[in-house]
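Each chain gets a letter, A, B and so on, in the order its sequence line appears, and its residues count up from 1. All heavy atoms count here, side chains included; hydrogens, waters and symmetry mates do not.
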Amino acid sequence: MENEKRESLNFIEQMIENDLKSGKHQAIQTRFPPEPNGYLHIGHAKSIHLNFGLAEKFNGKCNLRFDDTNPEKEDVEYVDSIKSNVKWLGFDWDGEFYASDYFPQLYAFAVQLIKDGKAYVDDLSKEEWNEIKGTPTVPGKESPFRSRSVEENLQLFAEMKDGKYQNGEKVLRAKIDMSSPNMHMRDPVLYRIKHVEHHRTGNDWCIYPSYDFAHGQSDSIEHVTHSLCTLEFEVHRPLYEWIIEQLEIFPSKQTEFARLNLSYTIVSKRKLLELVEGNYVAGWDDPRMPTISGIKRRGFTPESIKNFVKKVGVARRDGITDVAVLEHAVREDLNKKTNRVFGILDPVKLVITNWPEDKEETLTAVNNPEDESAGTRDMMFGREIYVDRADFMKDPPSPRKWFRLGPDREVRLKYAYIIKCTGFDEDENGEVTTIYAEYDPETRSGQDTSGKKVKGTLGWVSVKHAVNAEIRLYDRLFKTENLNDIDDDFKNHLNPDSLEVNTKAVLEGSLASAKIGDTVQFERVGYFRVDEDSTDDKLVFNRTITLRDNWEKQQGK
RNA sequence: UGGCCUAUGGUGUAACUGGCAACACGUCUGAUUUUGGUUCAGAAGAGUCUAGGUUCGAGCCCUAGUAGGCCAACCA
């Protein structure tokens, strides 16, 4: 242990370690506190792994708590999706709570503050308040209602609760400091009137606590030791602490970290909602969406998300992570787990002229070279096969640059034979329609006695056994690297080629039995997942991510 | 004109609390390869925003500046 290189901890882990060492806490309690007003995205995955991961690492607990204090925007649909997303990511919460569970307690806290002369009912309209609140550089003035008596405040607040007033007519404010340079300390709203049905409490309440008056106390009630949130809540921390101090309740501690920004990606619930509602994508779970539901459907794995988040780390400065890191994490995981199959995206027929018409041979293919336990499968080989159009050139460059097929060039058909191209047909547009080749019987895979060496190996699909499928080729949803930098509408930056539907692809026969959720690698092409839209007579595959492609990179030069 | 936060290769993070700036992604070489994948070997790339200060010694501490972010919702 002593000699082991000390694992570097992020600043939050260091803090926890100190808190545990000093005896400040015997154990830690964290929580993941989403508002059920949208679907979780990759940014939330960072927070989820942070909170649940910390609890795991330090033997603590982590709750799932819904911050449902604004019934206008929230819905059970979101609660359900959030719960299933968190589970999919691999976590189980200790307690499942809702801020709305605490409404009675929160109300009592408010009454307590009023009694202590630290909160008051304000009659000012939003507009009137805007005029006196000042600006960050100009101190605000006090509301004329600030000095109401405790009795009057108590009565008014009770009347607010009883529905005597309309929306916006009155609010409950904390009495703090109208000249504070921190706007959040200038008598912030604690309760507002909303005659709106809540997805959990129904019509029990017509007043709802604000974020600031719910979050900290909820943490405190659950004895959350470390309340982690993103940087923009930093300015709320003095208020978070003020409320806890006034109430003299368990002192949860808020710590902020930088949210995740990803290049070519937008992580804002509001903007994602806009994409969904404007039908720019097919829904929250569109495989191009950075939502957990979307990346799951796209074919990303929970493990790859975990590894990605680990690579990104946690710190207090905000920046933008390259999506390449995510893509690498996905390839890394899929490379280990996924079975290789042959899928030809742009098929062209190839006839082996010296192969007998009706002869078929059964070949053995390795399912996963990275995992011997994945075994092998049989593949049928015959006179007519499909190869990819991209693997043939009528007039290819030197064999040193072009490993694939062309007139008089030799390649190996993987698991089968070495063939030599003897000719091709083309249509009036110069499009190749059929390739002709001869095979060398001495070169059968595994029992090659020819001593031939070829540089190129091609995938192929037997015409007779080919399976058709719809392949959805997904690419980045946006064409702009840093979407935080733009000052026009983010929708102007959508990538028009983010989805290409391919219906001409042919797949090897073994894929006929593919099931929804199956993930495979089409050799030399990429990773694919069988989509939910698949039916008994039509398979639909989503391209999760292409393989790394040094060849294409060379071409670019 | 205010307050708070941040500043380390192209990007994201480290540097055991003051001791030769490390890792990952990306980039580039080369080797292996029946996937132009994987794997393996290697390289380039920052002297830590700037200027002072403390110190034998500063990326770490102090001061000032600069740059960026956040804050003026009855959103979270």
Under-3.5 Å N/O pairs linking protein and nucleotides 66-69 of chain B:
residue	atom	partner	partner atom	Å
B:G69	O2'	A:Asp318	OD2	3.4

Atom pairs under 3.5 Å, N or O on each side, protein against nucleotides 37-40 of chain B: can you list them with distances?
residue	atom	partner	partner atom	Å
B:G37	OP1	A:Asn550	ND2	2.4
B:G37	N2	A:Arg340	NH2	3.4
B:G37	N2	A:Glu370	OE2	2.8
B:U38	OP1	A:Arg548	NH1	3.3
B:U38	O2'	A:Asn335	ND2	3.3
B:U38	O2'	A:Glu370	OE1	3.2
B:U38	O2'	A:Glu370	OE2	3.3

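Taking atom C1' on both B:G65 and B:C74, the two are 41 Å apart, rounded to the nearest angstrom. B:A44 and B:C25: their C1' atoms are spaced 16 Å apart (whole Å).
A:Arg146 places no side-chain N or O within 3.5 Å of a backbone atom of A:Lys175 that could act as its donor or acceptor partner.
Side-chain polar atoms of A:Ser180 and A:Asn182 form no donor-acceptor pair below 3.5 angstrom. Checked by atom type, the side-chain pair A:Ser263/A:Glu481 shows no donor-acceptor distance below 3.5 Å. With hydrogens and angles left out, the side-chain atoms of A:Tyr102 and A:Glu222 include a donor and acceptor closer than 3.5 Å.
Scanning for ring-ring contact (aromatic ring centres under 6.0 Å, His included) contacts around A:Phe97 gives an empty result, with sequence neighbours left out. Residues forming a ring-ring contact (aromatic ring centres under 6.0 Å, His included) with A:Phe541 (at least two apart in sequence, or on another chain): A:Phe522. In this view, A:Phe308 satisfies the ring-ring contact (aromatic ring centres under 6.0 Å, His included) rule with no residue, not counting sequence neighbours. With sequence neighbours left out, the ring-ring contact (aromatic ring centres under 6.0 Å, His included) criterion links A:His184 to A:His236. Residues passing the salt bridge (Lys or Arg N to Asp or Glu O under 4.0 Å) test with A:Arg543, sequence neighbours excluded: none.
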Watson-Crick and G-U pairing of RNA chain B, under 3.5 Å, as dot-bracket with | and [ ] = .((((((..((((.....[..)))).(((((.......))))).....(((((..]....))))))))))).....
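Near RNA chain B, defined here as any heavy-atom distance below 4.0 Å, there are no residues from residues 372-379 of chain A. Of the residues in residues 253-271 of chain A, none has a non-hydrogen atom less than 4.0 angstrom from any atom of RNA chain B. The stretch residues 162-174 of chain A touches RNA chain B through A:Gly168, A:Val171, each having a heavy atom within less than 4.0 Å of the strand. Using a 4.0 Å cutoff on non-hydrogen atoms, no part of residues 447-455 of chain A comes near RNA chain B.
Taking syn as a glycosidic angle within 90° of 0, B:G47 qualifies as syn.
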